[in-house]
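Quick notes on the structure that follows.
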Amino acid sequence: MSDVIKLLPDSVANQIAAGEVIQRPASVIKELVENAIDAQATHIQIILKDAGRTLIQIIDDGVGMSETDARLAFERHSTSKIRNADDLFTLHTMGFRGEALASIAAISQVELRTRRHDAQLGTRLVINASQCESQEPDMCPVGSNFMIKNIFFNVPARRKFLKSNQVELSNIVKEFEKLALINNEVEFTLMHNGNVMYKLMKGTFRQRIAALMGNNMDQQLLPVNIDTSIVKVQGYIGKPENARKRNALQFLFVNGRYMRHPYFHKAIMTAYEQLIPEGEQPNYFLRFSVDPQSIDVNIHPTKTEIKFEDEVPIWQILAAGVKETLGRFSEVPAIDFDTQGAPEIPAYGGHVEVHRPEIEIDPQYNPFKTQRQPSMGQTHQARTHQQMSNWDELFKNFERNKNEVVDQNSAGVTHAIAGGGESDSVLPVGDVQSVYLQLKGRYVLSPAKSGLMVIDQHRAHVRILFDRYVGNIHMGTMSSQSILFPEVLHLSAAQSVTLQGLLSEMEAMGFVLSQLSGNDWSVNAIPSGIDGVDVSSMIHQIIESVDEGGMPLKKRIQEHLALQVARSAAIPVGRSLSQEEMETLVADLLKLPEPNYTPDGKIIISMIPMEQIAKMF
């Protein structure tokens with residue numbers, strides 16, 4: 001029997017490695033920009049065509065490479081960053097694996113021009129799917145110029161699974177933001193299809209944050225400066241009032257490298273407890289400096305998963321430092337007491353006298369009395385008889401009103417959720433008007449045959465509006481209403497790219513948007529029926545949510561946008577409703593085919609059985 005284990009060719013091995021290292025065009029940019037930073041570049045230019053599908057060009061002014069180094073750099077496990085295994089624990093560079101260039105060359109067509117500062121001529125190298133086609137001398141500036149063409153051209157399955165240009169460009173911008181944030185001493189230029197998206201000059205960390213995230217971000221930052229023998233943490237955190245529900249700007253770096261660390265994120269969230277609403281996330285931009293020997297970055301090919309030797313002490317230091325910053329800048333809210341009707345307390349110390357008016361109680365006073373007051377000459381016996389007549393009348397009215405309410409409840413709610421039975425849906429109410437109560441501005445209560453029906457008013461309205469919007473979209477009857485004063489949106493480059501990809505779906509829903517200069521957009525019209533909604537916040541939520549979930553099918557996008565619009569336009573928690581509003585809300589809800597749950601699966605209607613109510617007593 002012949003041997004079955006064979007040594008894989010280098011080209012196949014490189015494609016396997018590329019599956020881990022190079023997942024999309026953004027991965028190529030990450031690896032090449034990190035190499036340029038390791039090469040001591042002070043200016044890096046990124047040129048893209050078709051979101052990196054056709055061309056990714058990285059130009060830097062670093063130290064460059066010799067003719068031999070340029071050829072050897074594309075061999076697997078060749079690197080200038082480390083020499084032995086011990087160097088893995090004292091890393092001062094971004095790259096060290098020696099797999100990136102070999103992986104890139106395995107799935108694309110590469111052209112490299114590079115020259116060292118001490119050389120008269122540079123070299124031009126052409127590689128096609130790991131095969132070196134030519135290498136010759138070339139007149140080129142100092143540094144390196146990588147041109148990556150037709151990514152995944154020889155791996156059709158991988159190329160087919162690339163997302164749309166808008167999504168891929170959005171991912172590139174996100175990767176670019178991470179690289180540009182931490183390397184604020186490097187000038188960056190990002191161009192796409194001939195348009196300059198970013199041109200960043202050297203500056204401070206705070207200036208770089210403002211340049212990438214918008215100038216309004218500068219007013220939202222609080223400085224953090226922690227210096228201990230274990231770790232140094234410098235950077236900025238966002239004010240609690242600027243917390244976001246989705247896609248908060250959260251960046252952690254260690255020794256110049258971006259990292260994902262849920263444990264340290266939890267430490268930051270602990271400091272914000274009771275300062276931000278549940279479900280919201282603060283912004284933060286924090287840079288850690290630790291001894292390279294105390295961390296391990298060789299865990300994942302992307303090098304974003306990092307293990308710390310002193311995780312627990314750093315967690316405590318970070319939580320305390322963030323909390324101290326929030327307190328130092330008076331971001332901890334004061335206790336707000338209800339002072340309505342309370343005596344005014346002077347600013348200075350001393351005894352405060354509170355004068356309470358004396359109340360004289362008339363023993364003959366009857367608050368239920370409706371008849372004319374007796375004359376001064378009326379006898380005490382006559383007054384007593386008149387008061388007793390009033391109480392009799394009151395009791396008769398009470399009995400009549402009580403019977404009317406009971407009759408209305410019995411006729412108004414004819415069906416209820418049967419616990420554990422087949423009829424788990426709430427059926428429509430009867431023709432007679434029901435009596436509804438509102439609890440804490442959030443829940444609508446109504447008696448039912450088997451107990452008490454509790455409805456979440458916000459979720460109920462979300463369900464109603466969602467079904468209405470989706471129906472209008474499918475029928476093509478979604479109408480718009482113009483805004484008297486168009487609202488201007490200030491978006492980041494990544495958000496602007498995402499919005500461009502959503503324009504057709506947004507217009508189908510009734511939005512009319514136009515792009516102004518840069519990443520600013522004008523909202524000229526919105527869907528009918530969402531008056532009073534914060535349009536800017538709503539569109540930001542739509543962009544962030546769609547961007548977070550990627551780009552699904554057109555129908556899924558429309559439903560996704562309809563849900564975001566419904567959430568923004570729905571009755572907010574805390575709003576008081578009249579009896580007519582509650583009746584309309586419940587009636588519209590119970591007409592729907594799926595009234596029990598929101599489109600994202602949250603419960604709308606809950607029943608408290610009579611048995612459970614009886615146990616309370």
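Defined by atom type and a distance below 3.5 Å, a donor-acceptor pair is present between the side-chain atoms of Asn524 and Ser514. Side-chain atoms of Thr123 and Asp138 include no donor-acceptor pair closer than 3.5 Å. In this model, a donor atom of one side chain and an acceptor atom of the other lie less than 3.5 Å apart for Asn145 and Gln57. For Gln500 and Gln515, the side-chain atoms include at least one donor-acceptor pair closer than 3.5 Å.
Taken from CD in Gln109 to CG in Asn154, the straight-line distance is 8.5 Å, to the nearest 0.5 Å. To the nearest 0.5 Å, the span separating CG on Asp60 from OG1 on Thr42 amounts to 9.0 Å. Between atom SG of residue Cys132 and atom CG of residue Leu125 there is a gap of 4.5 Å, rounded to the nearest 0.5 Å. Note that CG of Asp218 and CD of Gln207 are 8.5 Å apart. Values are rounded to the nearest 0.5 Å. Rounding to the nearest 0.5 Å places CD1 of Ile209 at 8.5 Å from CE of Met217. Atom CD1 of Ile107 is separated from atom CD1 of Ile151 by 4.5 Å, given to the nearest 0.5 angstrom.
Here the side chain of Asn171 pairs a donor or acceptor atom with the backbone of Val167 at under 3.5 angstrom. Side-chain atoms of Ser144 do not come within 3.5 Å of backbone N or O of Gly64 as any donor-acceptor pair. When atom types are taken as modelled, the side chain of Glu507 and the backbone of Ser504 share no donor-acceptor pair closer than 3.5 angstrom. Asn183 places a side-chain N or O within donor-acceptor distance of the main-chain N or O of Leu179, the cut-off being under 3.5 Å. A donor-acceptor pair is defined here as one N or O able to donate and one able to accept, closer than 3.5 Å; such a pair exists between the side chain of Arg208 and the backbone of Asn184. With hydrogens and angles disregarded, a donor-acceptor distance shorter than 3.5 Å links the side chain of Ser108 to the backbone of Ile104. For Thr114 (side chain) and Gly143 (main-chain N/O), a donor-acceptor pair under 3.5 Å exists by modelled atom type. For Arg244 (side chain) and Glu280 (main-chain N/O), no donor-acceptor pair under 3.5 Å exists by modelled atom type. Side chain of Arg287 to backbone of Val233: no donor-acceptor contact under 3.5 angstrom is found. At distances below 3.5 Å, not a single donor-acceptor pair connects side-chain atoms of Asp61 with backbone N or O atoms of Ile44.
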Item checked: side-chain contact (heavy atoms from CB on, under 4.5 Å) evaluation trace for Leu326 with Lys239 -> CA-CA 8 Å; Leu326 292 171; Lys239 296 180 179 179; over 6 Å; no
Next item on the list: Give the intermediate values and the outcome of side-chain contact (heavy atoms from CB on, under 4.5 Å) for residues Tyr258 and Glu175.
Entry: CA-CA 10 Å; Tyr258 173 78; Glu175 198 63 54; 5.8 Å; no
Note to self: Please evaluate residues Phe285 and Tyr236 with respect to the criterion ring pair (Phe, Tyr, Trp, His ring centres under 6.0 Å), reporting the C-alpha separation (whole Å), side-chain torsions for both, the decisive distance (0.1 Å), and the verdict.
What the structure shows: CA-CA 5 Å; Phe285 309 83; Tyr236 300 91; 8.0 Å; no
Next item on the list: Determine, step by step, whether Phe264 and Phe288 satisfy the side-chain contact (heavy atoms from CB on, under 4.5 Å) criterion, reporting the C-alpha distance in whole Å, the side-chain angles of both residues, the deciding distance to 0.1 Å, and the verdict.
Entry: CA-CA 11 Å; Phe264 291 161; Phe288 292 66; 4.1 Å; yes
Check: How far apart are the C-alpha atoms of Asn283 and Gln250, what are their side-chain angles, what is the distance that settles it, and do they pass the side-chain contact (heavy atoms from CB on, under 4.5 Å) test?
Finding: CA-CA 5 Å; Asn283 301 320; Gln250 298 175 340; 5.5 Å; no
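Contact record, Tyr272 with Gly238: OH-O, 2.5 Å, taken as the closest heavy-atom pair. Residues Ala319 and Ala271 come closest through the heavy atom pair O-CB, 3.8 Å. When all heavy atoms of Arg567 and Val462 are compared, the closest pair comes out as CA-CG2, 4.0 Å. When all heavy atoms are compared, the tightest approach of Asn255 to Ser289 is OD1-CA, 3.5 Å. When all heavy atoms of Gly122 and Cys140 are compared, the closest pair comes out as CA-SG, 3.9 Å. Pairing each heavy atom of Gly510 with each of Ser480, the nearest pair is O-OG, 2.5 Å.
Note on ring orientation: taking the six-membered ring where Trp is involved, the planes of Phe308 and His261 are perpendicular (angle over 60°, cut-offs 30° and 60°).
Sorted by first and then second residue, the salt bridge (charged side-chain N to carboxylate O under 4.0 Å, His left out) pairs involving residues 512-525 (not counting sequence neighbours) form an empty list. Residue pairs that meet the ring pair (Phe, Tyr, Trp, His ring centres under 6.0 Å) test with at least one member in residues 189-227, sequence neighbours left out, are Phe176-Tyr198.
In this structure, Lys49 places its NZ atom where only 12 or fewer heavy-atom neighbours from other residues, nucleotides or ligands lie under 6.0 Å away. Residue Phe161 qualifies as open at atom CZ: its count of foreign heavy atoms under 6.0 Å is 12 or below. Summarising the local packing, CD of Glu185 is surrounded by more than 12 heavy atoms from other residues, nucleotides or ligands at distances under 6.0 Å. For Glu136, the CD atom sits in a packed shell: over 12 heavy atoms of surrounding residues, nucleotides or ligands are nearer than 6.0 Å.
Under the side chain to side chain donor-acceptor pair (under 3.5 Å) criterion, Thr270 pairs with no residue at all, not counting sequence neighbours. Applying the side chain to side chain donor-acceptor pair (under 3.5 Å) rule to Asn193 yields no partners; only residues at least two apart in sequence or on another chain are considered. Residues that satisfy the side chain to side chain contact (heavy atoms under 4.5 Å, CB included) test with Val126, not counting sequence neighbours, are Glu111, Arg124, Glu133, Ser134. Residues satisfying the side chain to side chain donor-acceptor pair (under 3.5 Å) criterion with Thr54, sequence neighbours excluded, are Asp50.
For the pair Phe146 and Asn35, the minimum side-chain heavy-atom distance is 4.5 Å or more. Residues His43 and Thr189 meet the side-chain proximity criterion, which asks for heavy atoms closer than 4.5 Å. Under the 4.5 Å side-chain criterion, counting only non-hydrogen atoms from C-beta, Val224 is in contact with Leu286. Inter-residue side-chain proximity for Thr204 and Arg206 is flagged as met; some heavy-atom pair is nearer than 4.5 Å. Residues Arg158 and Gln23 are in side-chain contact: their nearest non-hydrogen atoms beyond the backbone lie under 4.5 Å apart. A heavy-atom distance below 4.5 Å is not found between the side chains of Met139 and Arg115. Contact annotation: the side chain of Ile276 approaches that of Met269 to within less than 4.5 Å [non-hydrogen atoms, C-beta and beyond]. Side-chain contact between Ile22 and Phe152 is present, with heavy atoms from C-beta onward closer than 4.5 Å.
A salt bridge between Arg71 and Glu67 is absent, with no side-chain N of the basic residue lying under 4.0 Å from a carboxylate O of the acidic one. Ionic pairing of Glu168 and Arg24 is present here: one or more N-O contacts between side-chain nitrogen and carboxylate oxygen are shorter than 4.0 angstrom.
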